[in-house]
Amino acid sequence: MINITLPDGSVRQYEAGASAYDVAMSISPGLAKAVLSAEVNGQVWDLTRPITTDANIKLLKWEDEWGKKTFWHSSAHLMAEALEAMFPGVKLGIGPPIDEGFYYDIDLGDRKLTEEELTALEAKMKELAAKDSKFIRKDVGKTDAVKYFTDKADPYKLELLEGLQDGEITFYEQGNFVDLCRGPHIPSTSYIKAVKLLSIAGAYWRGDEKNKQLTRIYGVTFPKQNQLDEYVALLEERKKRDHRTLGRELEIFTFDDEVGPGLPLWLPKGAAIIEKLEALAKKNENDQGYVRVKTPHIAKEALYIRSGHLPYYAESMFPPMELDGTKYYLKAMNCPHHHKIFGALPKSYRDMPLRLAEYGTCYRYEQSGELFGLMRVRSLQMNDAHIYCTKEQFEEEFMKVNDLYVKYFKIFGIEKYSMRFSTHAPAKLGAKYIDNPTLWKETETMVRNVLVKSGLPFVEVADEAAFYGPKIDIQVWSAIGKEFTLATNQVDFAQAERFDLWFTNEKNEKERPLIIHRAPLSTHERFIGFLLEHYAGKFPVWLAPEQIAILPISDKFLDYGKEVRDELKKHGLAVTLDERPEKIGKKIRDTEIRKVPYMLVIGEKEMNDRAVAVRRQGQGDQGVKSLENFVYDILQEVAEYR
RNA sequence: GCCGAAGUAGCUCAGCUGGUAGAGCUACUGAUUUGUAAUCAGUAGGUCGGGGGUUCGAUUCCCUCCUUCGGCUCCA
């Protein structure tokens with residue numbers, strides 16, 4: 001007998017060799033039906049795999065991340081089985097589960113998959129799923145495994161086998177399909193009731209550009225049809241929330257073929273949001289002792305050679321223009337210009353820390369396939385600043401920058417983000433990274449200490465640092481699930497040396513400053529793109545490009561409407577008056593769709609009482625208020641950010 | 001940059017196998033003077049992404065370029 005401990009601490013006894021399925025069954029048949037896989041002593045196992053020793057187990061259902069992933073992993077195998085049935089001789093790469101579904105990378109030779117074939121493949125999968133084929137786990141010796149895939153002439157699986165040791169190789173078999181796989185899998189294909197193949201894409205084998213590009217098929221499956229229907233509805237919802245859709249509908253920005261790809265044009269409402277973000281940034285930076293500077297958009301090649309950017313980033317900068325035999329580049333970053341400002345006048349320790357801020361416009365030649373609405377563009381305006389400080393001041397300065405992030409995120413109600421601490425890879429010193437092992441170690445330790453001290457949760461990632469030092473990135477997700485670096489906080493111990501920046505310390509010696517690069521409000525492009533999705537276009541009042549719309553019941557009240565408008569304008573509020581000869585219902589509908597936070601309906605009563613009938617976007621009628629009170633209230637509401 | 005798909009009016013979209021395009025919303029004009037999510041009527045609006053080719057004739061077929069979308073790679 002073995003003792004099985006469940007997550008609630010209860011212990012049950014079973015015959016040795018009982019499976020997690022048996023455990024579930026002994027609790028209730030309903031549970032056994034819902035369970036997909038099980039965590040056995042911390043490892044995810046097949047539900048049917050015999051357990052021979054005492055174990056802690058957790059039964060995983062659809063609601064559990066790994067239960068779902070087991071299901072999708074098995075779905076990838078089902079798709080592979082269908083592919084082999086439809087395209088004999090197809091070569092298979094890898095087929096893992098992902099956050100929303102699964103994919104399989106396949107090699108069809110010169111053949112191209114059509115939409116019709118994708119539909120047929122989907123049907124084939126459903127047909128095979130209904131056959132209720134069991135997923136069978138088999139331990140295989142390396143020699144046998146190699147022989148199997150040699151006979152099958154599958155170079156990809158053979159390459160994967162090279163990295164595996166004898167004794168750790170398992171095959172999974174279902175129906176006529178056998179795959180090299182670690183598992184685990186659901187008990188049988190019949191669990192899969194709903195199938196949707198989403199897209200076909202190219203993907204380099206093992207993620208390496210130098211390798212052959214395989215065909216990747218993305219799909220998603222569910223245990224119930226209605227879950228698929230809900231998922232399709234969710235995709236629709238996300239599309240509505242996509243900043244590209246909202247940006248067009250709300251007239252925030254546009255692109256034009258003749259202007260160029262990745263070069264957004266800000267419409268008046270977009271520009272209004274930019275102004276408010278800059279006002280917020282300037283206020284906070286002013287409060288924290290930053291000073292503002294302005295720098296040109298271009299510079300000589302020599303500047304970027306000195307900064308060290310050119311060898312690393314030449315390909316992602318716009319090609320240079322040549323004037324009188326000298327190459328000039330559009331700036332892809334503001335730091336070199338700021339370093340020149342630091343170095344322009346002699347500095348003393350009394351000047352430190354020096355915080356230079358600029359909403360600098362940069363141009364980056366992003367690969368054409370990378371452009372993505374406002375989130376990935378070629379011209380961008382960054383909430384940039386460089387802090388020059390002494391080693392002693394570093395911790396406090398770095399901490400203050402982090403505090404600023406947290407403050408901003410609170411203002412915008414940004415809760416879903418992750419902090420990523422990027423460090424260097426020692427093997428790449430001198431290549432990807434500045435070759436100064438001591439300073440790397442020192443600064444990475446400093447940053448880690450600050451992070452731990454601040455108590456902010458973070459993940460540490462090796463080999464993701466900037467070439468000049470470690471950094472912290474704030475990661476967020478777009479409506480359609482793409483991950484982006486929103487803001488960044490970087491340490492730079494290299495450029496002070498390169499630019500020969502120094503200050504005179506208390507002992508009258510020259511000393512190198514440390515530099516912090518920071519951009520808590522990201523770039524206008526990415527931040528506004530993100531905010532559009534974050535708020536689903538419903539900007540808070542202080543940030544809304546159109547804060548109040550005055551809607552007269554009929555044009556008899558236009559004069560009073562103008563009076564109200566002028567009064568609100570006087571207080572710096574963004575207000576419009578709907579002068580169209582439309583019915584009030586139509587005016588309200590159009591304003592609701594524009595997502596204007598406040599609507600003021602005015603008619604006979606309001607005019608006589610010098611009042612307004614207040615309506616909140618999405619919330620309906622809020623009742624009548626005197627104009628005076630309305631002004632007072634709305635000014636209170638926006639005061640914090642003005 | 002690579003793989004795949006798409007591009008028809010300002011927006012959302014229709015247009016069978018080649019015979020030079022249509023709806024709704026928007027805009028404009030007129031009527032209506034309206035009390036909390038669409039008043040009615042009329043008018044205008046398109047070298048069917050650009051260029052080349054095949055054809056008597058191309059939005060439709062072919063080539064090419066541009067742009068966008070889904071991925072991959074990249075991301076200071």
Side-chain angles (χ1 to χ4, degrees), chain A residues 98 103 105 112-115 118 198-218 239 242 244-245 248-249 251 254-262 304 307-310 312-317 331-336 362 364-373 375-376 380 382 384 464-469 471 473 480 482-485 488 490 492 495 517 519 526 551-558 580-593 599-606 613-624:
Chain A
I98 50 177
Y103 66 79
D105 284 346
K112 277 174 190 168
L113 268 187
T114 64
E115 290 289 320
L118 203 63
L198 299 164
S199 64
I200 307 173
Y204 301 107
W205 168 238
R206 302 204 128 179
D208 191 333
E209 221 176 345
K210 292 183 207 81
N211 288 340
K212 181 169 180 180
Q213 197 161 53
L214 305 180
T215 303
R216 175 171 296 180
I217 307 172
Y218 283 90
K239 203 179 154 200
D242 190 317
R244 293 165 294 185
T245 309
R248 181 173 53 242
E249 284 172 3
E251 299 176 8
T254 189
F255 288 94
D256 185 281
D257 282 4
E258 248 174 306
V259 174
Y304 303 109
S307 73
H309 283 100
L310 212 51
Y312 292 93
Y313 303 116
E315 290 204 347
S316 29
M317 291 175 78
K331 72 175 172 188
M333 64 295 291
N334 302 302
C335 29
C362 297
R364 295 178 180 180
Y365 189 73
E366 302 286 359
Q367 294 183 56
S368 60
E370 285 311 322
L371 301 174
F372 177 72
M375 302 300 238
R376 198 72 183 271
L380 45 111
M382 216 188 311
D384 211 359
E464 289 286 330
F467 74 85
Y468 44 67
K471 62 175 180 173
D473 289 324
I480 58 168
K482 266 185 199 261
E483 182 176 342
F484 286 95
T485 298
T488 179
Q490 313 180 345
D492 180 348
Q495 291 198 54
H517 302 235
R526 193 169 282 184
L551 313 178
I553 297 286
S554 84
D555 58 15
K556 282 189 224 157
F557 314 109
L558 270 181
R580 299 175 305 166
E582 290 289 351
K583 288 167 75 167
I584 192 66
K586 169 74 166 164
K587 290 180 184 175
I588 287 171
R589 180 182 156 78
D590 290 348
T591 315
E592 285 279 349
I593 289 170
M599 281 158 262
L600 302 181
V601 176
I602 52 169
E604 184 95 43
K605 284 182 297 207
E606 288 77 17
V614 181
R615 186 188 165 97
R616 275 309 294 259
Q617 200 277 345
Q619 294 170 34
D621 196 350
Q622 306 287 301
V624 178

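Residue numbering restarts at 1 for every chain, and letters A, B, ... go by the order of the sequence lines.
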Report task. Would you please confirm or rule out a distance under 4.0 Å between OP1 or OP2 of B:rG1 and any side-chain N or O of A:S368? Result -> yes

Query raised in the report: B:rU68 C1' sits how many Å from A:M375 CE, rounded?
Result: 17 Å

Report summary line: CZ (A:F557) and CD (A:E606) are apart, to the nearest 0.5 Å, by 8.5 Å

**Report entry** Check: A:R376 side chain, B:rC75 base, donor-acceptor under 3.5 Å
**Finding:** yes

Requested in this report: Look at the side chain of A:E604 and decide which nucleotide, out of B:rG35, B:rA37, B:rA76, has an atom nearest to it.
Outcome: B:rG35

Report task. Using a heavy-atom cut-off of under 4.0 Å over every strand shown, decide if A:A203 touches base, sugar-phosphate, or nothing. Result -> sugar-phosphate

Report task. With the side chain counted from C-beta on, respond yes when A:M317 and A:L310 share a heavy-atom pair under 4.5 Å apart, and no when they do not. Result -> yes

Requested in this report: Kindly assign one of parallel, tilted or perpendicular to the pair A:H309 and A:Y304, based on the angle between their ring planes and the thresholds 30° and 60°.
Outcome: perpendicular

Requested in this report: Assign A:F484 to base, sugar-phosphate, or nothing according to its heavy-atom contacts below 4.0 angstrom with the strands shown.
Outcome: nothing

Query raised in the report: Taking the side chain of A:K586 as its heavy atoms from C-beta onward, which of B:rC25, B:rG70, B:rU36 lies nearest to it?
Result: B:rC25

Report task. Send over the distance from A:E251 CD to B:rU26 C1', rounded to a whole Å. Result -> 10 Å

**Report entry** Between P of B:rC69 and CD1 of A:I200, the distance in whole Å
**Finding:** 19 Å

Query - Assigned partner base of B:rU59, Watson-Crick or wobble definition, under 3.5 Å - result: none

Query - Proximal nucleotide (of B:rC74, B:rC72, B:rA37) relative to the A:I593 side chain - result: B:rA37

**Report entry** Rounded C1' spacing from B:rA9 to B:rU33 in Å
**Finding:** 32 Å

Report task. To the nearest Å, give me how far apart CD (A:E366) and C1' (B:rA76) are. Result -> 10 Å

Report task. State which of B:rA37, B:rA76, B:rG1 makes the closest approach to the side chain of A:M317. Result -> B:rA76

Requested in this report: Going 5' to 3' through nucleotides 29-34 of chain B, assign each nucleotide B (protein heavy atom under 4.0 Å from a base atom), S (under 4.0 Å only from sugar-phosphate atoms) or - (no protein heavy atom that close).
Outcome: ---BBB

Query raised in the report: Ignoring hydrogens and angles, does a donor from either the side chain of A:Y365 or the base of B:rG1 sit under 3.5 Å from an acceptor on the other?
Result: no

Query raised in the report: Roughly how many Å is it from CD in A:E249 to P in B:rU12, rounded to a whole number?
Result: 9 Å

Report task. Classify the side chain of A:S199 versus the base of B:rA5 as yes if they form a donor-acceptor pair under 3.5 Å and no if they do not. Result -> no

**Report entry** Check: A:M375 main-chain N/O paired with A:R526 side-chain donor or acceptor under 3.5 Å
**Finding:** yes

Requested in this report: Scan A:E606 against the nucleic acid and name what it touches under 4.0 Å (heavy atoms): base, sugar-phosphate only, or nothing.
Outcome: base

Query raised in the report: NA contact type, A:F372, heavy-atom cut-off 4.0 Å: base, sugar-phosphate, or nothing?
Result: sugar-phosphate

Report task. Find the distance between CD (A:E366) and CD (A:E315) and round it off to the nearest 0.5 Å. Result -> 12.5 Å

Report task. Give A:T485 one of three labels, base, sugar-phosphate or nothing, depending on what nucleic acid heavy atoms sit under 4.0 Å from its own. Result -> nothing

**Report entry** Watson-Crick/G-U partner (both atom distances under 3.5 Å) of B:rG70
**Finding:** B:rC3

Query - A:R244 vs B:rG70: side-chain N/O to OP1/OP2 distance below 4.0 Å - result: yes

Requested in this report: Would you indicate which nucleotide in B:rU36, B:rC72, B:rU68 comes nearest to any side-chain atom of A:I588?
Outcome: B:rU36

**Report entry** d(CD1, A:I217; C1', B:rA5) in whole Å
**Finding:** 15 Å

Report task. Can you figure out which of B:rG71, B:rA76, B:rA37 approaches the side chain of A:A201 most closely? Result -> B:rG71

Requested in this report: Please work out if A:R216 contacts a base, only the sugar-phosphate, or nothing of the nucleic acid, heavy-atom cut-off 4.0 Å.
Outcome: sugar-phosphate

Query raised in the report: Across the strands shown, which category fits A:G308 at heavy-atom distances under 4.0 angstrom: base, sugar-phosphate, nothing?
Result: nothing

Query raised in the report: If you look at every strand shown and take non-hydrogen atoms under 4.0 Å, does A:E315 touch a base, only sugar-phosphate, or nothing?
Result: nothing

Query raised in the report: Is there a Watson-Crick or G-U wobble partner for B:rU43 with both distances under 3.5 Å, and which nucleotide is it?
Result: B:rA27

Report task. Could you state the atom-to-atom distance from CD of A:Q622 to P of B:rA37 in whole Å? Result -> 13 Å

Report summary line: Assign each of A:F467 and A:V624 the nucleotide of RNA chain B bearing its closest heavy atom; nearer the 5' end lies the nucleotide of A:V624

Query raised in the report: Which residue, A:A613 or A:A466, contacts RNA chain B at a nucleotide closer to its 5' end, judged by nearest heavy atom?
Result: A:A613

Requested in this report: Have a look at A:Y468 and say if it touches a base, only the backbone sugar-phosphate, or nothing, with a 4.0 Å heavy-atom cut-off.
Outcome: sugar-phosphate

Query raised in the report: A:Y312 on top of B:rA76's base, within under 5.5 Å and under 30°?
Result: no

Report task. Could you check if a side-chain atom of A:R364 sits within less than 4.5 angstrom of a side-chain atom of A:L380, using non-hydrogen atoms only? Result -> yes

Report task. Return the value, rounded to whole Å, for the distance between atom CZ of A:R364 and atom P of B:rC75. Result -> 12 Å

Query raised in the report: Paired with B:rA14 by Watson-Crick or G-U wobble geometry, both distances under 3.5 Å: which nucleotide is it?
Result: none

Query - Passing option when A:H517 is tested against A:M333, A:Q490, A:M382, A:K471 for side chain to side chain contact (heavy atoms under 4.5 Å, CB included) - result: A:Q490

Requested in this report: Could you please name the option among B:rG35, B:rG70, B:rG71 that lies closest to any side-chain atom of A:Y218?
Outcome: B:rG71

Report task. Return the nearest nucleotide to the side chain of A:Q213; candidates are B:rA76, B:rC2, B:rU36. Result -> B:rC2

Requested in this report: Classify the nucleic acid contact of A:K587 as base, sugar-phosphate or nothing, counting any heavy atom under 4.0 Å across all strands shown.
Outcome: nothing

Report task. Rounded to whole angstrom, note down the P distance from B:rA14 over to B:rC56. Result -> 33 Å

